[in-house]
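Read the structure below first, then the notes.
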Amino acid sequence: MNEIYQANVNERYKSLYSIYLGKKILKEGLLEAGQVTVVADYEPPIDKNEDTSLVLTCGLNANNSILSGLKKLYTLGVLSVGDNPYEIIDKHSIRFTKKIKKPLADKTFLDTGFEKNPSENTSIVFERKNLKHIHIEPFRPENLSYWEPKSETDIYMAWGILQEYTGYKYCCGTTIALLRDLGYEASNDTKPDAILINDATNCYEIAEMKIRSSDFDRNHKKEDIDVLVVWHDDEQDRSKLPRTVIELYQTAKDALNDIMDED
C-alpha cells in the first residue's frame, strides 16, 4: 500500500477549489509541478457499466504547492476543510482515499444533444431559454500578468490567469452569429460576453464580464446571465445580479498573494 499523505484545506483553499499539498512534496521530487492527474474512486456497489473512478486533470503550482481545478471533488464531498488523505501514484498523479458515495450523472453539453441531470435543481440559461446545444471548442488563454483593469478586455486577461481558481473555464467569446445558432436572442447592446464551462457539471453557462458589478444592470437582466465576472463586486442590491458572481480582485489576492507564503 502506498504511503498516505494529508492535503490541507482551509476556507480560503475551499473558496478557490484548491488544496495545499505542502512544499516538501515538490522539494523531494514526489510530484512534479504542472498537470497532475487526480483520481477519486466511486464507492461500491456501482453499475457495471459505470466508471469505477472519477479522473480529473488539475494544475500543481511550482511556487506554492497549490493544486487547483478541484471544484468537482468539492461538489461531490470528496474534499472538505481539514486534512484530506491521498496517496501518490507517480510523479504526475495522486488518488484521494475518500470515496465518492454517489456518482455524478455526468450529462454534458459539450458534444451533441442535451440531457438534463435530474439531480440538479438549479436552472441555467441554456435550460430556461431552451437553447440549442451545439459543440463549441473551448479555448484556454495563455497566462498573462494581472493588473487593475482599465477596460473589459483586461478582465479577460485577468481571467486567463485566475480561472483555475474559480470553478469555471473559458470556452469562447460570443458573437451575434453564435447566439443566433444557439437560439439566444440579443442585440449588440445586450449580448453576453462569453460562454464558460462549469468544472463541476461540465455544462455551458452564459457569462458577462464587467469591471464592476454595479454596472451590470445598465444593459443586462439577471435572468439572461448565469455568471457575472467582475474585478470589483460593489453592487449592494444583490437582487439585480445573477446567481453567481466571481470577483477576480479577491480571487487574485487570495490565490496569488496570501497563500504564496504557506510553508
| remark: Heavy-atom closest pair (Arg95 atom, Asp41 atom, distance to 0.1 Å) is NE-OD2, 3.2 Å
| message | Same cluster or not: Leu30 versus Ile66, using hydrophobic residues (I, L, V, M, F, W, Y) connected whenever any side-chain heavy atoms lie under 4.5 Å apart? | response | yes
| query | Between the side chains of Thr190 and Asn219, is a donor N or O closer than 3.5 angstrom to an acceptor N or O? | reply | no
| note | Closest heavy-atom pair, Arg212 versus Val230, reported as atoms and distance to 0.1 Å, is C-CG1, 3.9 Å
| request: Determine, for Asp215 against Lys210, whether the closest basic-nitrogen to carboxylate-oxygen distance falls under 4.0 angstrom. | output: no
| Heavy-atom distance under 4.5 Å between the side chains of Cys58 and Leu70, does that happen here? | yes
| task | Just jot down the side chain to side chain donor-acceptor pair (under 3.5 Å) partners of Asp90, sequence neighbours excluded, or say none. | result | Ser93
| Do Ile88 and Ile25 have side chains that get closer than 4.5 Å, going by heavy atoms? | yes
| said: Using the rule salt bridge (charged side-chain N to carboxylate O under 4.0 Å, His left out), only one of Asp233, Asp234, Asp217 pairs with Lys240; which is it? | reply: Asp217
Residues 176-186, side-chain donor-acceptor partners within the protein, below 3.5 Å, at least two apart:
| unit_1 | atom_1 | unit_2 | atom_2 | d |
| --- | --- | --- | --- | --- |
| Tyr184 | OH | Asp224 | O | 2.8 |

| remark: Rounded to the nearest 0.5 Å, the CG atom of Asn202 sits from the CD1 atom of Ile197 at a distance of 6.5 Å
| said: Check whether Lys98 reaches the backbone of Gly77 with its side chain - one donor and one acceptor, N or O, closer than 3.5 Å. | reply: yes
| request: Indicate yes or no: at least one non-hydrogen side-chain atom of Ile89 is less than 4.5 angstrom from one of Lys91. | output: no
| Taking 4.0 angstrom as the limit, do Arg243 and Glu205 come out as a salt bridge? | yes
| field | With Lys14 via salt bridge (charged side-chain N to carboxylate O under 4.0 Å, His left out) - residues at least two apart | value | none
| Are Ile94 and Leu67 side-chain neighbours, meaning at least one heavy-atom pair lies under 4.5 Å? | yes
| field | Atom pair NZ/CG of Lys24 and Leu31 - distance to nearest 0.5 Å | value | 13.0 Å
| field | Heavy-atom pair of closest approach, residues Ser18 and Tyr165 | value | OG-CD2, 3.4 Å
| query | Are more than 12 heavy atoms from other residues, nucleotides or ligands located less than 6.0 Å from atom CD of Glu223? | reply | yes
| message | Using 0.5 Å steps for rounding, measure from the CG atom of Leu73 to the CG atom of Leu54. | response | 6.0 Å
| 4.5 Å side-chain heavy-atom contact, Asp193 and Glu152 | yes
| query | Which residues pass the salt bridge (charged side-chain N to carboxylate O under 4.0 Å, His left out) test with Glu32, sequence neighbours left out? | reply | none
| request: Would you please say whether a donor-acceptor pair under 3.5 Å links the side chains of Glu235 and Ser213? | output: no
| query | Do the non-hydrogen side-chain atoms of Thr37 and Leu56 ever get within less than 4.5 Å of each other? | reply | no
| query | Tyr5 pairs by ring-ring contact (aromatic ring centres under 6.0 Å, His included) with which of Phe96, Tyr20, Tyr86? | reply | Tyr86
| With sequence neighbours excluded, what pairs up with Arg128 under the salt bridge (charged side-chain N to carboxylate O under 4.0 Å, His left out) test? | none
| note | Closest non-hydrogen atoms of Ile19 and Leu21, given as atom of the first, atom of the second and distance, are CD1-CD2, 3.6 Å
| Do the side chains of Met209 and Val229 get nearer than 4.5 Å, heavy atoms only? | yes
| Partners passing ring-ring contact (aromatic ring centres under 6.0 Å, His included) against Phe216 (at least two apart in sequence or in another chain) | His220
| task | Taking Ser53 for its side chain and Val55 for its backbone only, find out whether a donor-acceptor pair lies under 3.5 Å. | result | no
| said: Would Lys71 and Tyr168 count as a cation-pi pair here, with the cationic atom under 6.0 angstrom from the ring centre and within 45° of the axis? | reply: yes
| field | Within-4.5 Å side-chain heavy-atom neighbours: Val227 and Ile206 | value | no
| field | Asp237 and Ser239 side chains, donor-acceptor separation under 3.5 Å | value | yes
| message | Go through it in stages, so that I can follow the logic: the residues are Glu28 and Lys23, the test is salt bridge (charged side-chain N to carboxylate O under 4.0 Å, His left out), and I'd like the CA-CA distance, side-chain angles, deciding distance and then a yes or no. | response | CA-CA 9 Å; Glu28 295 186 356; Lys23 293 184 178 179; over 6 Å; no
| message | As a quick check of understanding, evaluate side-chain contact (heavy atoms from CB on, under 4.5 Å) for Ile124 and Cys203, giving each step before the final call. | response | CA-CA 9 Å; Ile124 59 177; Cys203 292; 4.2 Å; yes
| message | Show the nearest heavy-atom pair for residues Trp159 and Tyr170, with the distance to one decimal. | response | NE1-CB, 3.4 Å
| said: Which heavy atom of Gly167 sits nearest to which heavy atom of Tyr17, and what is that distance? | reply: N-CD1, 3.4 Å
